[in-house]
There are 2 protein chains.
Amino acid sequence: MTRGTGRDGSPGAPRSVDVARVAGVSQKTVSRVFNDEPYVSADVRRRVLDAAEQLGYRRNNAARALASGRTRSIGVVTLGTALYGPASLLMGVERVVRDTGYALRVVNTMEGDPAGLAGAVGSLLDQGVDGIVISEPIDEPGGEAEPLRVDVPVLVLGAPQPFAASTVLFGGRGADRMARAVVEHLLDLGHATVHHLAGPQRWYAAKDRLEGWRSALAAHGRDEPPVIEGDWSAASGYAAGRELAADPEVTAVFAANDDMAIGLIRALAEAGRRVPQDVSVVGFDDIPVAAYVTPPLTTVRQPFDTVAQEGLKRLVHAIDNPQAQALPASDPPVDLIVRASTQPPPPRTPPGRRRHSVSRSPGEVPPHRLPEKDPSTRR
Amino acid sequence: MTRGTGRDGSPGAPRSVDVARVAGVSQKTVSRVFNDEPYVSADVRRRVLDAAEQLGYRRNNAARALASGRTRSIGVVTLGTALYGPASLLMGVERVVRDTGYALRVVNTMEGDPAGLAGAVGSLLDQGVDGIVISEPIDEPGGEAEPLRVDVPVLVLGAPQPFAASTVLFGGRGADRMARAVVEHLLDLGHATVHHLAGPQRWYAAKDRLEGWRSALAAHGRDEPPVIEGDWSAASGYAAGRELAADPEVTAVFAANDDMAIGLIRALAEAGRRVPQDVSVVGFDDIPVAAYVTPPLTTVRQPFDTVAQEGLKRLVHAIDNPQAQALPASDPPVDLIVRASTQPPPPRTPPGRRRHSVSRSPGEVPPHRLPEKDPSTRR
DNA sequence: ATGAAAGCGCTAACAC
DNA sequence: GTGTTAGCGCTTTCAT
């Protein structure tokens, strides 16, 4: 076979012995230089580096991994979607992983994948990773059965406590606290209660938001309206909006993501219920267009970068110190961004004069407020 | 050191010799079984598989890579953004790569990264990949200098012909053809010309769309209005919209992505120019909310999956047959999705009676059409 | 159809 | 500070 990275009949990539020969040192010394080990004189180091440069030497990772038992790589399990949340998290993870000097391997579990999470993790293990990040896991039916037997540290991002294993760390996203902030914002505005358009409940992220909504409502002694479950898509938000529009009691809706909120708003508008005059709507994610739709969307921004950074710091720590205690979790800040899709509820209309039966050109939308470029309100 | 993937003082992972011993065969036979090599009797195969199962054997990839000189992995260079286009492409690539039996390694070049593309590719080469996918490259200043010296096949997705190297393949995205389709749609509706809100010109994808727009206009003998350059963000679309709104000649705008189109529409609406009555707007990407914003956006859907699939097929082919001719490129289909943001231009207003000076409640938006769930029009 | 021997290029442990 | 000696767990080549 051709040697190293050399393809076709090429001479073959230079190895560390070659560098050693050119530099006039032993092969081990070359290894020392490239691993930044102590006890190499500056002079020798230079000679080695020069020789390597001249030869175009690049060390062979397979050999390194084989000899050391470590691959210096971290695997990520993602859902195979371009949804804003998961995609942002993945990018955040990539950014941090590179800084830590690890390489990144990616595998995804598609929803409905027969192998599911276990399969994805297994494939990562096959590749030989030093640690695993599971991003936004979903609850595959039957997946609970095997509690994920792995011998490398695992970091779970965007889920509360799904897996039982001694090596598992959690990078809480605090979505429940964020959801609470949303509900409280709406309650503060004077809404009697808040409806919830939930995400698919197989996603821990969706469950989390539902939980936050539920507990906030309970904490304030409000009654809990029935939950509608969407699938994250604007289409499902639209469908939910048609239902909700028919109910005059609905004055405030918290959608589990911005896409659904946008679909929802459209359905409400078509039904003649104006946002925010008649109904307030809050989304979740702060997708790039959230400030520019009509009306600009009140939503929650998640600190993906912070979460990725904090989580990976702990994962790398666990990899480097197998026996050590896990670093304590830190909760990311909540960022509620108030724009124009929320306001106090309309005055109670007397029963019998249902607001949505009032004649109004369908789809008319309220005057705009200027969209803002930056997070306007923090709490 | 602990053996294989075994961490802490654990017994160490089983190796193929262990399996061989249990199965009562030679180690080589185990290797044969796991590589699906011929000449293993069904009986022996079963025994080996059972033994492996029982021991929890998983083969060591580092050793495999070292011995064979191939890592069976493909590296991807992405921008570190969660933008819909790049993120979708990445997911498409992931999906296909897994099917081909390769592992995926990801590295990103952030815009302005000093090391840039060369650094990202180098880091992939260090990791030892059998092939490289460069997704949506951007034109780093000075990056042209080094023509990307690599000895593995490279697939470039979403760019025309940026790099010179014998091993480079192109997975054209046909964005220029798509841009032409957009312009022709608008021209067919009767618009005198089409303005273009371009993406950042360091992106090949943005250049591509600009090219398509330009050539379509030329082909139809229309004059080419000045181009405004945005940065893909809705905010930049909004800024562009404020400029464009002041010019009564503008009746049709092609934005290089949906986010900018949405910002643009908002700015136009605030300036009293209705979409689509006064100005038609077309986006690009068909982001998930495109059908649900106001008005539902006419846009172009890119066949990310097809592109990823076709491209990777060729990449894998090149990897497996080093000397062979590259497979011919195939252009993906163009998918123009006509929704409610485009219509024929308003009748020419006599000079002096500028439409946008007409009193109108700012931000009023036209009645909706029903959003559609599926691509409505193909061409 | 199966096995024995010889590395792949590096790191680890210990000597000098 | 530097070199020597063994492997790491597989694939390869060649016998059988």
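Side-chain atoms are counted along with the backbone in the values below, which use heavy atoms only and exclude waters and symmetry mates. No experiment lies behind these values; they were computed from the predicted model shown. To find a chain, count down the sequence lines: A is the first, B the second, and so on, and within it residues start at 1.
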Intra- and interstrand pairs of DNA chain D - dot-bracket, Watson-Crick/G-U under 3.5 Å, | marks other strand: ||||.|||||||||||

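For the pair Ser31(B) and dT11(D), the criterion of a side-chain N or O lying under 4.0 Å from OP1 or OP2 is met. At least one side-chain nitrogen or oxygen of Arg64(A) sits closer than 4.0 Å to the OP1 or OP2 atom of dT11(C).
Rounded to an integer number of Å, the gap from CG of Asn60(A) to C1' of dC10(D) is 13 Å. Residue Glu37(B) contributes atom CD, which lies 10 Å from atom C1' of dT12(D) at whole-angstrom precision. Taking atom CZ of Arg15(A) as the reference point, atom P of dG9(C) lies 5 Å away to the nearest angstrom. For the pair Leu66(B) CG and dT12(D) C1', the computed distance is 12 Å after rounding to whole Å. Between the CG atom of Asp36(B) and the C1' atom of dT11(D) there is a distance of 15 Å, given to the nearest Å. The distance from atom CZ of Arg70(A) to atom P of dG9(D) is 16 Å, rounded to the nearest whole Å. Note: CG (Asn61(A)) to C1' (dG9(C)) measures 11 Å, nearest angstrom. Note: CZ (Arg21(A)) to C1' (dT2(D)) measures 18 Å, nearest angstrom.
Remark: Thr78(A) engages no residue in a side-chain hydrogen bond (donor to acceptor under 3.5 Å, both in side chains) (not counting sequence neighbours). Listed by chain and number, the residues in a salt bridge (charged side-chain N to carboxylate O under 4.0 Å, His left out) with Arg95(B) are Asp305(B) (sequence neighbours excluded). By the salt bridge (charged side-chain N to carboxylate O under 4.0 Å, His left out) test, Arg47(A) is found to be paired with Asp43(A), residues two or more places apart in sequence or in another chain being considered. Remark: Ser123(A) engages no residue in a side-chain hydrogen bond (donor to acceptor under 3.5 Å, both in side chains) (not counting sequence neighbours). For Arg72(B), the salt bridge (charged side-chain N to carboxylate O under 4.0 Å, His left out) test picks out no residue, with sequence neighbours left out. Applying the side-chain hydrogen bond (donor to acceptor under 3.5 Å, both in side chains) criterion to Arg46(B), with sequence neighbours excluded, gives Asp50(B). With sequence neighbours excluded, no residue forms a ring pair (Phe, Tyr, Trp, His ring centres under 6.0 Å) with Tyr102(A). Applying the side-chain hydrogen bond (donor to acceptor under 3.5 Å, both in side chains) criterion to Arg59(A), with sequence neighbours excluded, gives Asn35(A).
For Ala67(A), whose side chain is taken as the heavy atoms from C-beta onward, the closest listed nucleotide among dG9(D), dG9(C), dT12(D) is dG9(C).
Closest approach of Asp18(A) to Ala13(A), counting heavy atoms only: OD2-O, 4.5 Å.
Other residues, nucleotides and ligands contribute only 12 or fewer heavy atoms inside 6.0 Å of the NZ atom of Lys313(B).
Only at 4.0 angstrom or more do the heavy atoms of residues 39-48 of chain B sit from any atom of DNA chain D, so none qualifies.
Within the structure, ring-ring contact (aromatic ring centres under 6.0 Å, His included) contacts touching residues 40-71 of chain A (residues at least two apart or in different chains) are Phe34(A)-Tyr57(A).
Side-chain contact between Ile74(B) and Ile319(B) is present, with heavy atoms from C-beta onward closer than 4.5 Å.
Using a 4.0 Å heavy-atom criterion, one finds that Tyr57(B) contacts the sugar-phosphate atoms exclusively.
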Set out, line by line, the N/O atom pairs under 3.5 Å between protein and nucleotides 3-6 of chain D.
residue: dG3(D); atom: OP2; partner: Ser26(A); partner atom: N; Å: 3.0
residue: dG3(D); atom: OP2; partner: Ser26(A); partner atom: OG; Å: 3.0
residue: dG3(D); atom: OP2; partner: Thr29(A); partner atom: OG1; Å: 2.5
residue: dG3(D); atom: N7; partner: Arg32(A); partner atom: NH1; Å: 3.4
residue: dG3(D); atom: O6; partner: Arg32(A); partner atom: NH2; Å: 2.7

